[in-house]
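Okay, so here's the structure we're looking at.
On a predicted model such as this, the values are computed, not experimentally measured, just so you know. Note on naming: letters A, B, ... go to the chains in the order of the sequence lines (proteins, then strands), and numbering restarts at 1 for each one.
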Number of protein chains: 2
Amino acid sequence: MSDGAPSTLMRIGALADKAGRTQRTLHFYEELGLLTPVGRTKGGFRLYDQDSLVRIHWITRLQDLGFSLPEIREFLEALRSAQSAPEMMQSLQSFYAQKRLDTQAQLSRLQALDEELVTALDYLSGCHTCAPATEKSACSGCETGGHADIVAPPLVAGVHDHPSSSMDS
Amino acid sequence: MSDGAPSTLMRIGALADKAGRTQRTLHFYEELGLLTPVGRTKGGFRLYDQDSLVRIHWITRLQDLGFSLPEIREFLEALRSAQSAPEMMQSLQSFYAQKRLDTQAQLSRLQALDEELVTALDYLSGCHTCAPATEKSACSGCETGGHADIVAPPLVAGVHDHPSSSMDS
DNA sequence: TATCACTCTTACGTTCACGTAAGGATTGAT
DNA sequence: ATCAATCCTTACGTGAACGTAAGAGTGATA
C-alpha cells in the first residue's frame, strides 16, 4: 500500500484531462464538497492523486444512475458521519439497494413507453395507404382504407392542427 | 363528427385542472408554440376545447419519452411545414422510430447500471464480517475475512475518505 | 530574469421548465 | 351596480450543472 512513488500528484489540468471533464467542473465538485484536492502547492495550486480520478469516475457513475450532485453530496456527508467501517458499508448498501428499486421502476416505465412507441408506429404504418395528396385536414377522418376504425393511439392523437383560421367575431 | 355541443369550450383554469398542470405551464406551452387556444373571449380570456386536453397529454407523453419542450416544438414545426398528410405521418413515424432507438439504448444502459448495482451490493454484503468496531481508515485493506482480495467495484471504490488531516509542510 | 502556459478567485451568464408575484382587467352571479 | 373569482400581461426568481470571462498570481523553462 505504500508505493515509493507519491509523484502521482497532478494539478487540476492534468486531472481534468484524464477524467474528461473541465477544470470548472472539478472546481464545482469541490464547491459542493464532492472532491477535495489532497493538497496545494505553496503557491496555491490544487494537487490531486490517483484516488481523485477514481472519485470522479464514481461521481460520474452515480450521475448516470440518476443522482443529482446535491444528492451525492448528502450521501457523502452521511458516509462521513458514519462511525465504523461496517456502518459505512451498510449505508452504502441500503443506498444502492434503494437506487436499484428506482432503477427498476424506471426500467419498466421505459419498457412501457417503448411499447407505446411500437403501437404508434404500427398505427402509422397504415397511413401510407392514404392517397399521397391527401390534405392534412382530411386526416382526422382518414378512412381511405388504412386504419378503418381503429382509434389513434395517444402518441398520434395529439398532432392535429387547429391553426388560427376560422376565428372571427 | 359534428356534435351539437360546441359548449365544450373552457377557460384556462378548467383546462389546467383537467390536465393536472398549472396555468403557468399552459401559458408556457403557448409561449413555446406547443399549445394554442382555439380562441379568446372578447375580454381576452383564452378558450380551449377537448383537443387541447389531448394535446397536453401528448406533450406529457413525449416528455416522459425524454423529449425536451424545445424538441417537441421543433417537431411540431416540422409537422406544420409538411404538405400532405402522408408526408406528415411519415415524419411522425421516423421521429418515433428514432426515439425508439434512443429508448432502447437508454434501456440497455440502465440495465448495465442495474447490474453494476448488483455487483456493488454483492461486494458490500461481504463487509458485514468486519469487526463492528473496525476503523474507517482500516477499511481500504479490509482483509478481515470478508472479501479476501477481490477488487472493489467502481461503485464502491470511490468512497474512501481522504480527510483534510495529515497535510502539513 | 523574462517568458508563457497554467492556475487562482470572483462573479456573472446559460438552458430547462416552470414558480411566484404584481397590478390591473374580465366574468358572471347577485 | 357590485363583488368575488377568474384571468390578463409583464417580469423577475429558482435550481441543476456547469460555461465563460476578467484580472492577477505561479511554475518551469530559456
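- Nearest to the side chain of B/Phe28, among D/dA17, C/dC18, D/dC8, sits C/dC18.
- Looking only at distances, a side-chain donor or acceptor of B/Tyr96 sits under 3.5 Å from a matching main-chain atom of A/Leu155.
- Proximity of a side-chain donor or acceptor of B/Arg55 to a complementary backbone N or O of B/Leu34 within less than 3.5 Å is detected.
- Residue side chain A/Arg24 reaches the base of D/dT20 through a donor-acceptor N/O pair under 3.5 Å, judged by distance alone.
- Counting any heavy atom pair closer than 4.0 Å across all strands shown, A/Gln63 reaches sugar-phosphate atoms only and no base atom.
- A distance of 6.0 Å separates CD of B/Gln93 from CG of A/Leu121, quoted to the nearest 0.5 Å.
- Rounded to whole angstrom, the span from the CD1 atom of A/Ile12 across to the C1' atom of D/dC18 amounts to 13 Å.
- Contact between the side-chain N/O atoms of A/His27 and the OP1/OP2 oxygens of C/dT7 is not found at any separation under 4.0 Å.
- OP1 or OP2 of D/dG27 has at least one side-chain nitrogen or oxygen of A/Thr41 nearer than 4.0 Å.
- Along DNA chain C, the nucleotide nearest B/Arg11 and the nucleotide nearest B/Pro70 are compared for position; the residue whose nucleotide lies closer to the 5' end is B/Pro70.
- Distance from the side chain of B/Gln23 is smallest for D/dC7 among the nucleotides C/dA17, D/dC8, D/dC7.
- The nearest heavy atom of DNA chain C to B/Gly44 and to A/Tyr48 marks one nucleotide each, and the one closer to the 5' end goes with A/Tyr48.
- Taking 4.0 angstrom as the limit, A/Ser68 places none of its side-chain polar atoms (N or O) nearer than this to OP1 or OP2 of D/dG15.
- In terms of modelled atom types and a separation under 3.5 Å, the side chain of B/Arg73 and the main chain of B/Leu32 share a donor-acceptor contact.
- For A/Thr25, no side-chain nitrogen or oxygen approaches OP1 or OP2 of D/dA17 to under 4.0 Å.
- Mapping A/Tyr29 and A/Gly43 onto DNA chain D by nearest heavy atom places A/Tyr29 at the nucleotide closer to the 5' end.
- Comparing D/dC8, C/dT7, C/dA17 against the side chain of A/Phe45 picks out C/dT7 as the nearest.
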